[in-house]
Amino acid sequence: MSPKLGVCYYPEHWPEERWAKDAKRMVATGLTYVRIGEFAWAELEPEPGELNFNWLDRAIEILGKNGLRVVLGTPTATPPRWMVNRHPDMLALDATGQPRTFGSRRHYCFSHQGYRDACIRIVRILGDRYGKNPHIAAWQIDNEFGCHDTTLSYSPAAADAFREWLKYHYRSIEKLNRAWGNVFWSMTADNWFDIGLPNQTVTEPNPAHALAFRRFSSDQVATFNRAQVEELRNLTEAPILHNYMGRETAFDHFTVGEDLDIATWDSYPIGFLSDRLEDPPEHKARYLRQGDPDFQAFHHDLYRAVGHGRWWVMEQQPGPVNWAPHNPAPLKGMARLWAWEAIAHGADAVCYFRWRQAPMAQEQMHAALIRPDNEDAPVMEEIAQLAQEVVQLKDNTPLQARIGIVFDYVSAWAWQVQPHGADFDYFRLVFEVYRTLRKLGQNIDILPPDQSDLSGYDLVLAPGLFELDQNLMAALSSFDGTALIGPRTNTRTANFAIPVPLPPNLPDLDIKIFQTESLPPQGPIGLANGGTLIKWFEHLEGDAEVMERTTDGLPAMVRSGGLSYLAGWPDEAAMTRILTRALEAAELPITRMPEGLRQRDLTYHRVYVNYSATAQTVDGLTVPGAGVAVKRRSS
Ligand code: GAL
């Protein structure tokens with residue numbers, strides 16, 4: 001299938017006379033999809049019960065008649081003011097107990113039943129009206145769950161729902177006390193009402209309590225989404241999706257994805273580099289106008305997994321954004337490159353955010369495809385070129401990767417609850433593994449933590465996994481490829497205790513972690529083969545074969561057959577060596593990619609994207625700075 005392009009549009013922001021002109025111009029640009037409606041609740045229902053859908057009827061009709069396919073959002077990310085007046089207790093409370101008030105967006109607590117009911121009602125009304133509308137290509141639920149740190153709420157509604165969740169999961173208060181180890185510090189609860197939320201404690205709360213609250217909060221997002229999906233399923237056959245974010249780990253996207261047909265995400269490469277990556281200033285300077293060469297790809301692969309193979313970019317950066325600490329303009333070519341990169345990872349559609357720059361309100365400094373005065377913004381030239389190119393690509397099926405990296409949201413929460421070292425970040429650990437493999441020219445799949453089938457893979461990696469799921473454990477024990485796990489993998493029970501026998505407890509690998517230390521930036525541990533361990537080191541005992549030692553002779557990586565355990569967080573040099581050896585063991589060909597150049601295989605094509613500002617050459621092919629090359633694959 002040829003990938004499609006699209007755009008996010010807000011008809012309610014513009015006079016109605018403009019809609020048809022806008023639609024025609026979108027089609028002339030080569031766009032197929034237009035996403036609308038996700039923030040329009042107050043326009044659809046200005047007063048409680050006073051419905052005003054005529055404008056949306058006309059907007060859908062005009063867009064559709066002009067040849068666009070509409071993605072319709074449910075408007076539940078922006079409850080109108082009257083809703084908050086009606087339910088003042090629907091606001092989330094932050095960890096200090098302060099309400100997160102009306103006046104921007106996402107001002108709701110996922111646990112508030114009154115708000116949930118109101119959402120179901122508006123979704124039903126929308127589904128009744130547009131469920132069979134031929135112009136609706138898909139439905140988007142809400143917008144960016146978790147955005148602006150909104151997954152966790154410490155409201156009374158959340159506290160009540162948390163207690164219900166605990167009752168369901170633990171059955172009796174005695175079981176909960178035992179499971180959490182509440183005997184420690186006299187924390188024993190006599191009844192469910194004794195259990196509050198794990199905020200505002202004098203020092204850290206019990207990690208078992210804190211992790212239970214994180215699991216609960218994630219489940220609240222999933223059930224909030226599910227309730228809307230169930231309502232719509234009765235009313236439409238169009239696919240249902242949600243648009244996720246970059247480096248957002250507060251809820252389990254795999255769980256939410258189970259209820260949906262397509263995963264989409266919002267890709268803002270330059271904003272992410274400024275706002276969401278810890279890399280050194282030289283790296284940020286080098287990629288200032290391009291974004292990090294691996295961050296987008298990681299999310300493309302992640303959301304391909306969350307969407308079970310069906311995924312899009314719903315919002316692609318078109319120029320400077322408004323929300324990062326600094327917001328430089330992209331190099332010419334990047335808007336095309338980012339889209340090609342998504343397509344190379346199997347995206348069925350790439351939609352830009354947004355059609356016309358808003359002259360008013362919060363996002364007036366956010367670029368768009370056209371300017372507030374209706375002239376083309378600089379990016380339009382690239383999009384026109386891209387539109388002509390993508391129709392020529394007849395098949396965008398990604399080649400099955402031979403490498404799988406496990407990604408697990410519970411692990412992200414667990415190591416936030418108990419970092420042990422201030423800079424131990426689960427996402428970062430997995431991302432460094434991913435990035436190193438991409439620099440070695442690899443195609444990668446991201447796998448969910450309960451993956452039970454590893455038969456398509458030659459190399460599987462599971463760094464930092466809190467607890468090894470039984471399915472994955474069974475799959476690993478019969479896996480005949482190369483597996484590299486650790487550091488920190490399988491080191492806790494589901495209730496956040498150290499298991500005995502001591503971890504990592506892997507079949508066939510005779511090792512125990514008997515002591516764990518975290519390392520400050522000034523205290524790395526040297527490795528005998530070169531490079532260092534940073535942030536983290538686990539002291540191992542046992543008889544497994546030692547592959548890496550510290551300069552003091554302590555085991556740092558061990559193996560038995562194809563299964564290896566890595567007992568620390570390697571710096572770049574050590575990570576490259578360790579992963580090169582793993583690729584060699586798995587007999588996967590290595591291409592050392594030049595600075596900023598990356599490759600990804602579709603079934604019939606290899607796509608090269610050059611994040612560097614200057615031309616780079618690999619395998620005899622030169623790709624211009626901020627440029628793209630697409631080559632037919634030989635096999
Ligand atoms: C996304 C969001 C959009 C818009 C955009 C600006 O996070 O979904 O509504 O705010 O960012 O970059």
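Counting starts at 1 for both ligands and their atoms, following the listed order.
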Looking only at heavy atoms, is any part of [X] under 4.0 Å from ligand 1, and if so is it the side chain, the backbone, or both, or is it neither?
X: Glu363; value: side chain
X: Met314; value: neither
X: Gln317; value: neither

Q.
Does ligand 1 come near enough to Glu144 that some N or O of the ligand is less than 3.5 Å from an N or O of the residue?
A. yes
**Q.** Contact check: Asn143 vs ligand 1, nitrogen or oxygen atoms, below 3.5 angstrom
**A.**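 Among all N and O atoms of Asn143, at least one is under 3.5 Å from an N or O of ligand 1.
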For [atom], what is the closest protein heavy atom, and at what distance to 0.1 Å?
atom: atom 5 (C) of ligand 1; value: Tyr268 OH, 3.3 Å
atom: atom 9 (O) of ligand 1; value: Arg105 NH1, 2.8 Å
atom: atom 3 (C) of ligand 1; value: Glu315 OE1, 3.3 Å

Under 4.0 Å from a heavy atom of [X]: give me the atoms of ligand 1 that qualify, with their elements.
X: Phe39; result: 9 (O)
X: Asp266; result: 8 (O)
X: His366; result: 6 (C), 12 (O)

Q | Salt-bridge criterion met for Arg356 and Asp22 (N-O under 4.0 Å) | A |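 Yes, charged N to carboxylate O under 4.0 Å.
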**Q.** Given Trp265, Tyr244, Tyr108, Phe110, the one that forms ring-ring contact (aromatic ring centres under 6.0 Å, His included) with Phe145
**A.** Phe110
Ring centres under 6.0 Å, that's the criterion: do [X] and [Y] meet it?
X: Tyr268; Y: Trp323; result: yes
X: His299; Y: Phe431; result: no
X: His366; Y: Phe353; result: yes

Q) How about Asp292 and His283: does a side-chain donor come under 3.5 Å of a side-chain acceptor? A) yes
(Q) Would Arg215 pass as a cation-pi partner of Trp413, given that its NZ or CZ must be under 6.0 Å from the six-membered ring centre and within 45 degrees of the axis? (A)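 Not satisfied by the 6.0 Å and 45° rule.
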Q. Under the ring-ring contact (aromatic ring centres under 6.0 Å, His included) criterion, do Phe162 and Phe213 qualify, and how do the steps go?
A. CA-CA 7 Å; Phe162 182 46; Phe213 180 62; 5.5 Å; yes
